[in-house]
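Have a look at the structure below, then the notes.
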Amino acid sequence: MHTPKLIGEGGVATLNRRAFAIVFSLVTATLALVAAASVSPRPASDEPLLVDPPVVTARLFYHGQPVRVSGTIPAGHEAAVVISDEGQSHVALKIKGRIWGVLWANVGEMTLDSVPSLYLAATSTDLSNLGDAALLEGMTLGYDALQSRSQISPVGAAAEDRRFFMEFIKLKEREKLYAIDEGGVSLQPDGAGGLRFSGDFFFPPDVPPDRFDVRLLIFAEGGGKLLASSDLVVTQAGLAAGISTLARERGLLYGLFSVMVALAAGLITGFVFDLGSKGGH
Amino acid sequence: MDLSIYLPVAENAVSIPLLLGLGGLVGFLSGMFGVGGGFLMTPLLIMIGIPPTVACASDSNQIVAASASGTYAHAKAGMVDFKMGTLMLIGGIVGGTLGVYVIKFLRAIGEADLLIHATYVLMLGGVGSYMFFESLGDLRGTRRSRLNRKPDARPSIYARIVARLPWKVHFSRSNITISALMPLLLGVLVGVLAAIMGVGGGFIMVPIMVYLLRMPMHVVVGTSLFQILFTCINVTVLQATINHTVDFVLALILLAGSVVGAQIGARLSERLKGDQLKILLAIIVLVVCVQMLLGFLVAPDILVGFKGG
């Protein structure tokens, strides 16, 4: 088969040399970059965010889990760590109020959308020192930011909405599912021009099994950015997971089993006590 | 050493000794007075961090054990009127179904919560006060006994209506002869009230058996437990199947305490006089009533609550 010549033989040789030179240069440059990256100290901001442990496992004798978040940030910055599942929950609330000026009862209902089920935050300084409200809102840091991202229904006067939202926050704080620890992140020089940070959190046992975002935010001179993020997974395991799965997926069987065990326990105890009382007489 | 346990359906951890203690206390009351104890246990479980739906369903599960244990003890002593209990149970199931529709209607017209709680307080206050003063009178010997009434005294309107009802049946354990309609209709009434108030109904059932059916107090306790047993079996299976809210681990620890408590309660019940039992139950009912009343009068520290809570 005839192959048409597009360029001369000498041209082909020249093209091959050029192509080789380009490929060689690219490979060399890549290798040099990789080598440089491996031997030179990494910039502080590239340090991975360490979440310890990254997986919280709820077994039968689980009663909550301390979680430490640590890493390195550039010098001259403040840090904030936020653990949450942002904007997923839909919450139905009863509003309590006075009836006839005397009795306290449920007087209405409201729903909140796009509020996290868990919101744990810790900062290296007061929230007000990190930046203005707009900055914090943009980074979903603080309860004001949570409110601005949430949808309240039915919409009422701004002051009323604010009041009920803050009551909702009180409710979640009492459950220990919401917390903001201003000053809870410690900063120390890492000896390489950066700052080593760490923050301790406690995951209460009523945190539902889910995947949560861990965000590291840094702030300097009125500005801020997301430096790194990671996942933290809460999961059930062992017998606890088995029971939970059976309850969800085989409800009737689970219900019958629960009743049988209860009946057996009741009747056996009755029988044992009966024997005991007969023995005693 | 942390003696808490993780509850996989409730998704929370709770102290084991605390649950055993709660189970033992409520089981004791159950065995002694013939009440399921839901009106006491469910709020306590919610208070320690169990979601309300899981608290209700798991409590039903543990009541199965406590009432089985208590029924066994009372049946061995010949203190369960199975015939009466079965008729009231049938009425209770019909009443419970009716009650679900009543509550739906109440919610549709608004302010249902207030109406439900007001009914609760009035029922508890009325029943508790009546039982308390009646038993107090009997214990002091100041109240004229029904047996000592003059033979020519005109019977009450209630007694005359009851006497005219058809289908008379003799209930040998209770030693009374009344129309079979009575336990059926009263069972319906209890079922409706229990569904509206969201409780098992034992503390309404017991006074009704004592004052409206004129059953002896000791037979009332065993018979009430017999009905509660079947009601709670039904509720547990339905809750597990439809709502998936029965926490077996929670129920298991509660029942470990309650079955023992129920036995102790049942044995103590046999040693007490009927009036002593009534006055003690009246005091418990009145304490719960006052606690509910305070909930109406004292400003809550947080002005919102989770729906269903």
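Just so it is clear: chains get the letters A, B, ... in the order the sequence lines come, proteins before strands, and each one is counted from 1. For the numbers below, each heavy atom of this structure counts, side chains included, while hydrogens, waters and symmetry mates do not.
With a 4.5 Å cut-off on non-hydrogen atoms, B:Val246 touches chain A through its backbone and its side chain both. Proximity to chain B (any heavy atom under 4.5 Å) is restricted, for A:Glu175, to the side chain, taken from C-beta onward. Within the 4.5 angstrom heavy-atom criterion, only side-chain atoms of B:Ile16, from C-beta onward, approach chain A. With a 4.5 angstrom heavy-atom cutoff, B:Val14 does not touch chain A via any of its atoms. Looking at A:Val259, the atoms closer than 4.5 Å to chain B (heavy atoms on both sides) sit in the backbone and in the side chain alike. Of the two parts of B:Ala299, the backbone and the side chain both hold a non-hydrogen atom closer than 4.5 Å to a non-hydrogen atom of chain A. Using a 4.5 Å cut-off between heavy atoms, B:Ile63 does not touch chain A at all. Using a 4.5 Å cut-off between heavy atoms, B:Tyr72 contacts chain A through its side chain alone, with no backbone atom that close. Proximity to chain B is limited to the side chain of A:Arg163, based on heavy atoms less than 4.5 angstrom apart. Contact annotation for A:Lys176: neither backbone nor side-chain heavy atoms come within less than 4.5 Å of a heavy atom of chain B.
B:Val298 places none of its side-chain heavy atoms less than 4.5 Å from the side chain of A:Trp104. In this structure, A:Phe271 and B:Lys76 have side chains that are not in contact, with every pair of non-hydrogen atoms separated by 4.5 Å or more. Side-chain contact between A:Leu263 and B:Ile233: present, with at least one pair of heavy atoms (C-beta onward) separated by less than 4.5 Å. The side-chain heavy atoms of A:Phe273 and B:Val260, taken from C-beta on, include a pair separated by under 4.5 Å.
In terms of heavy-atom proximity, A:Gly255 sits nearest to B:Ala240 at CA-CB, 3.4 Å. The two residues A:Gly270 and B:Ser69 make their nearest non-hydrogen contact at N-OG, 4.3 Å. Closest non-hydrogen pair, B:Pro8 versus A:Ala240, comes out as CB-O, 3.2 Å. Nearest heavy atoms, B:Gly305 versus A:Leu171: CA-CD2, 4.0 Å. Nearest heavy atom pair, residue B:His244 against residue A:Ala247, reads ND1-O, 2.9 Å.
In this structure, CG on A:Leu93 lies 12.0 Å from CG on B:Leu303, to the nearest 0.5 angstrom. Of the inter-residue distances, the one linking A:Arg98 atom CZ with B:Leu297 atom CG reads 9.0 Å to the nearest 0.5 angstrom. Taking NZ of A:Lys96 as the start and CG of B:Asp301 as the end, the distance is 8.0 Å to the nearest 0.5 Å. If you take CG on B:Asn12 and OH on A:Tyr62, they are separated by 9.5 Å, rounding to the nearest 0.5 Å. Of the inter-residue distances, the one linking B:Tyr6 atom OH with A:His63 atom NE2 reads 13.5 Å to the nearest 0.5 angstrom.
Taking the six-membered ring for Trp and thresholds of 30 and 60 degrees, B:Phe248 and A:Tyr254 have ring planes more than 60 degrees apart, a perpendicular arrangement.
Between the B:Asn61 side chain and the A:Ser258 main chain, a donor and an acceptor come within less than 3.5 Å of each other. Under a 3.5 Å cut-off, the side chain of B:Glu11 and the backbone N or O of A:Pro208 do not form any donor-acceptor pair.
Atom CZ of A:Arg68 has 12 or fewer neighbouring heavy atoms from other residues, nucleotides or ligands inside a 6.0 Å radius.
When each of B:Leu252, B:Leu255, B:Ile5 is checked for heavy-atom pairs under 4.5 Å with chain A, B:Ile5 comes out on top. Put simply, of A:Ala264, A:Pro204, A:Pro205, the one with the most heavy-atom pairs under 4.5 Å next to chain B is A:Pro205. Chain B forms more heavy-atom pairs under 4.5 Å with one residue of A:Pro209, A:Gly97, A:Gly108 than with any other, namely A:Pro209.
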